[in-house]
Amino acid sequence: MAYNNETWMNEFILLGLSNDWKTQIYLFVLFLAMYLVTMLGNLLIIHLIRLDPRLQTPMYFFLSILSFVDICYMNSTVPQMLIHFLSSRKSIPFPSCVFQLYISLALGGTEFFLLGAMAYDRYVAVCYPLHYTVIMHGGLCMALAAACWAAGFLNSLMETTITFRLPLCKNVINHFACETLAVLRLACVDISFNKIMVTFSGFVVIMLPCSLVLFSYGQIVRAILRIRSTQGRRKAFGTCASHLTVVSLCFGATIFTYMRPQATSSAEHEKMVALFYTTVAPMLNPIIYSLRNKEVMGALRRVLGRFSEEA
């Protein structure tokens, strides 16, 4: 029996995080604060990199793109979630659900590929410092960034297409947003193929960049251990510490959700992990890169000093 989702399924109902009105008010205040901090932090990173010539290097070029991706990623789900906290009926039209899933998957994939590209940049900086500017030239940085965007959006197109081609028997999604695993639970046919494709997609988007990160940092550790002076080792490791912290947060949460057996997966657990990488991780990224990075803090002081002089 054939189904046409777009005619018989006009909208979806999202169960969200809570049914209690007071709890929803508290969550609204909490996530609104997190949203504002994320927007301000990532916009600050982008503007500092644009204004300070000392930060216009490959490392900060990729960081500015990462901040832009985090801004877009959070805007793909959080504004709707904030509205739903204050709504009695948490509905989303079918086309909006498709678009939300596509954009969130695309931006999430792009971020993982970017983290892999940033790991390669740190590998070249530490292992080949004398050839760094020659290897990481502007053309290569632009090509790597474009490849990250293209790979993220192509993977998302594949996964979104095969997800919404399924006949759906229900329209109630046990999630705060349209998310792949949550939508698949609505299907009234066997979804074994989709589960295989989710695993394959996870391998491409998560495990391949993660393998590049592990290889890069393995080589970096070897290079750092060859440095005789303690100060030299600290300086070399300091250039990688922020990126390594962000990588651990992002890859750890996502691998735990998408690369483990489906039988052990639960909707509530998936919602908690999804909250982490859609709201917490984008908020922590600029904090980690600013507080643990002397160059970023120095750029912030210079920009603030310039504004105070003009005032």
Side-chain angles (χ1 to χ4, degrees), residues 11-47 66-93 96-112 114-115 152 156 171-183 185 245-246 248-258 265-291:
E11 65 177 11
F12 295 98
I13 305 299
L14 299 169
L15 294 184
L17 299 175
S18 174
N19 292 322
D20 181 69
W21 177 249
K22 289 184 178 179
T23 302
Q24 290 188 86
I25 296 297
Y26 293 142
L27 290 174
F28 172 82
V29 174
L30 173 63
F31 285 105
L32 177 61
M34 294 173 67
Y35 176 78
L36 294 175
V37 170
T38 302
M39 293 299 107
L40 291 174
N42 283 290
L43 286 172
L44 179 61
I45 290 284
I46 293 172
H47 283 295
L66 181 65
S67 292
F68 178 72
V69 169
D70 281 340
I71 289 172
C72 297
Y73 193 20
M74 202 171 202
N75 277 306
S76 69
T77 56
V78 175
Q80 172 200 268
M81 185 168 62
L82 291 173
I83 293 172
H84 283 177
F85 282 140
L86 304 179
S87 305
S88 57
R89 192 170 188 271
K90 303 172 176 59
S91 63
I92 179 171
S96 299
C97 186
V98 176
F99 183 71
Q100 183 182 71
L101 179 63
Y102 173 67
I103 291 299
S104 60
L105 283 175
L107 293 171
T110 300
E111 177 154 347
F112 289 123
L114 272 173
L115 291 173
S156 178
N171 72 333
V172 178
I173 301 177
N174 187 9
H175 212 279
F176 59 85
C178 291
E179 192 265 349
T180 306
L181 298 178
V183 174
R185 290 192 176 95
T245 304
V246 171
S248 301
L249 290 172
C250 293
F251 280 103
T254 311
I255 288 174
F256 192 67
T257 301
Y258 288 98
S265 180
S266 71
E268 296 305 316
H269 174 267
E270 287 164 13
K271 281 196 281 188
M272 293 304 103
V273 177
L275 269 180
F276 175 81
Y277 62 75
T278 57
T279 58
V280 179
M283 180 184 69
L284 292 179
N285 287 354
I287 296 174
I288 292 170
Y289 275 108
S290 59
L291 295 180

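Position 1 is the first residue of the sequence, and the numbers go up from there.
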- prompt: Does the side chain of Thr278 come within less than 4.5 Å of Met81's, by heavy atoms?
  reply: no
query: For the side chain of His84 and the backbone of Leu15, is there at least one donor-acceptor N/O pair under 3.5 Å apart?
result: no
Candidate list Ile103, Leu101, Leu105, test side chain to side chain contact (heavy atoms under 4.5 Å, CB included), partner Ser156, passing option: Leu105
query: Is the closest side-chain heavy-atom distance between Ser18 and Phe85 below 4.5 Å?
result: no
message: Are Leu17 and Leu275 packed together at the side-chain level, in the sense that at least one heavy-atom pair is separated by less than 4.5 angstrom?
response: yes
With Met283, the side chain to side chain contact (heavy atoms under 4.5 Å, CB included) member among Val37, Asp70, Asn42, Leu40: Val37
query: Taking atom CG of Asn19 as the centre, does the number of heavy atoms from other residues, nucleotides or ligands within less than 6.0 Å exceed 12?
result: no
- request: Side-chain contact test, heavy atoms from C-beta onward, threshold under 4.5 Å: evaluate it for Thr279 versus Thr38 and give yes or no.
  value: no
query: Is the backbone of Ala106 close enough, under 3.5 Å, to the side chain of Thr110 for a donor and an acceptor to pair up by distance?
result: yes
- prompt: What distance separates Met74 CE from Met34 CE, expressed to the nearest 0.5 Å?
  reply: 5.5 Å
- prompt: Got Asn75 and Met39 here, is their nearest side-chain heavy-atom distance under 4.5 Å?
  reply: yes
message: Quick check against the 3.5 Å criterion: does Glu111 have a side-chain atom that pairs as donor or acceptor with the backbone of Leu66?
response: no
message: Quick check for you: to the nearest 0.5 Å, what is the distance between Leu43 atom CG and Phe68 atom CZ?
response: 10.0 Å
- prompt: Phe176 versus Leu27: any side-chain heavy-atom pair under 4.5 Å?
  reply: no
message: Using side-chain heavy atoms (C-beta onward) and a distance below 4.5 Å, is Ile46 in contact with Ile71?
response: yes
field: Inter-residue atom distance Arg185.CZ - His175.NE2, 0.5 Å rounding
entry: 8.5 Å
statement: For Leu14 and Cys178, the nearest pair of non-hydrogen atoms, with its separation, is CD2-N, 4.4 Å
task: Can you measure from CG (Leu114) to CG (Leu107) and round to the nearest 0.5 angstrom?
output: 10.5 Å
field: Nearest-0.5 Å distance that lies between atom OH in Tyr73 and atom OG in Ser104
entry: 6.0 Å
- request: List the atom of Ile173, the atom of Ala182, and the distance in Å for their closest heavy-atom pair.
  value: CG2-CB, 3.6 Å
query: Are Ile92 and Gln100 close enough that some pair of their side-chain heavy atoms sits under 4.5 Å apart?
result: yes
